[in-house]
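Here the structure is laid out as structure tokens; the discussion comes afterwards.
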Amino acid sequence: MGVLLNIASFALCVLGQTLVAASVYLVSLALIFIGGRGRKEKREKKRQVETRQEPTPDEIKRRPVSAPEI
Amino acid sequence: MKKLIFLSGTKGGTGKTTLALNSAVLLAFLWRDVAHYPVAFLDLTPNVGTAALILLGDPLATWGRPSLSDFAGGNIADPLRAFYIRRWNTEKGAFQLVFTYMAQDVPLTRRHLEYVIQMVESRLKPKVLFFDAPPLSAGSPLAGLVDYVVPVVTPDVSAVEATKSYVDLVGGRRLRPVLNMYIPEYSISAVHGMPWELVIEKTLGERPHVIPFDKLLQAARQALEVEVLKLRPGESPGVKALAEYARYLAATVG
């Protein structure tokens, strides 16, 4: 959305609507910034999920024996 | 004493040992206050089977110890000298399992097996005796010696066919089959054109108990650990399914 508004602002500028183009440009910058931050947070969350790995054979070996759930 | 075996006919790698060992441990825990040795386990794999290795806890532990091979070879007269106790202490109390194994590739005859079973029943008095044997074909000395048979298959045409052909080989009452290492994403058999569960039901006459493929079971096996004692059902769907099957066994066999 941000990128589309950015392109639209350049189109308006070319058409001579510089004032409108400038405001659309500012809005597009804000959207791009917010979108980028959201993507970064999502990436970090995904990385956190990935780092919460399943136990390795070595970790299982070192675990204490616990009563089975039956 | 009831005698039970997990069977896949001539097919190997279906998870018989995983099922047998985990079921044995779960029943030993469940019946820990019912009998002194609630469960006995016979690993009949020549040259030390995986179950025996896990129960012994150390690959070098077989050194110098008598095993069923010594009984079969005539080195020891009393087969119970080749039995060992594995004991676990948990937050809900201690429990134990008694087991034996074959250290060498010495043929165990039907007469030997009958004597071992007789000794176990009269002196150890377990509720259940588990057999864990390598893939079996016609002429197995176990024929006629078991009370219950659990057919074990994987989503694999050859496993289903081999199990179907040999499921009546050792006699005994057939229990609910197990579909092991099931991958839900590949639920349809491309050969049969129907779900694997239906294939098993049509082949073996009963809807199978499904145990999903679980990386954690593989990890525990690499660590030579009993899966149900180190993994929680919440983290391992395989352990959850194993516990469900052990509950069914307890209700049916116990």
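Sequence lines set the chain letters: A, B, ... in the order given, protein chains first and strands last, and positions in each chain run from 1. No experiment lies behind these values; they were computed from the predicted model shown. Atoms considered below: every heavy atom in the structure, side chains included; atoms not considered: hydrogens, waters and symmetry mates.
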- Message: How close do S28(A) and L5(A) get, counting heavy atoms only, and between which atoms?
- Response: CB-CB, 3.5 Å
- Does a side-chain heavy-atom distance below 4.5 Å link P233(B) with V239(B)? yes
- Query: Tell me, side chain or backbone of L231(B) under 4.5 Å from chain A's heavy atoms, or both, or neither?
  - Reply: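 The answer is both parts of L231(B).
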Distance in Å, [X] [atom1] paired with [Y] [atom2], rounded so as to fall on 0.5 Å steps:
X	Y	atom1	atom2	result
F130(B)	F99(B)	CZ	CZ	15.5 Å
L31(A)	L26(A)	CG	CG	11.5 Å
E44(A)	E41(A)	CD	CD	7.5 Å

Pairs of donor and acceptor atoms under 3.5 Å between chain A and chain B, please, with atom names and distances.
residue	atom	partner	partner atom	Å
E54(A)	OE1	K215(B)	NZ	3.2
I60(A)	O	K230(B)	NZ	3.3
K61(A)	O	K230(B)	NZ	3.0
K61(A)	NZ	A223(B)	O	2.7
K61(A)	NZ	E225(B)	OE2	3.2
R63(A)	O	K230(B)	NZ	2.7
R63(A)	NH1	K230(B)	O	2.7
R63(A)	NH1	E235(B)	OE2	2.6
R63(A)	NH2	E235(B)	OE1	3.1
S66(A)	N	L229(B)	O	3.1
S66(A)	OG	R232(B)	NH1	2.2
A67(A)	N	E91(B)	OE1	3.2
A67(A)	N	E91(B)	OE2	3.4
A67(A)	O	R232(B)	NH2	3.2
E69(A)	OE2	R232(B)	NE	3.2
E69(A)	OE2	R232(B)	NH2	2.7

- Item | Inter- and intrachain pairs under side chain to side chain donor-acceptor pair (under 3.5 Å), touching residues 9-18 of chain A, at least two apart |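 Output for this query is empty, none listed.
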- Are there more than 12 heavy atoms of other residues, nucleotides or ligands under 6.0 Å from atom CG of L15(A)? yes
- Item | chain A contacts, top residue of V25(B), L229(B), L224(B) (heavy-atom pairs, under 4.5 Å) |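 Result: the option with the highest number of such pairs is L229(B).
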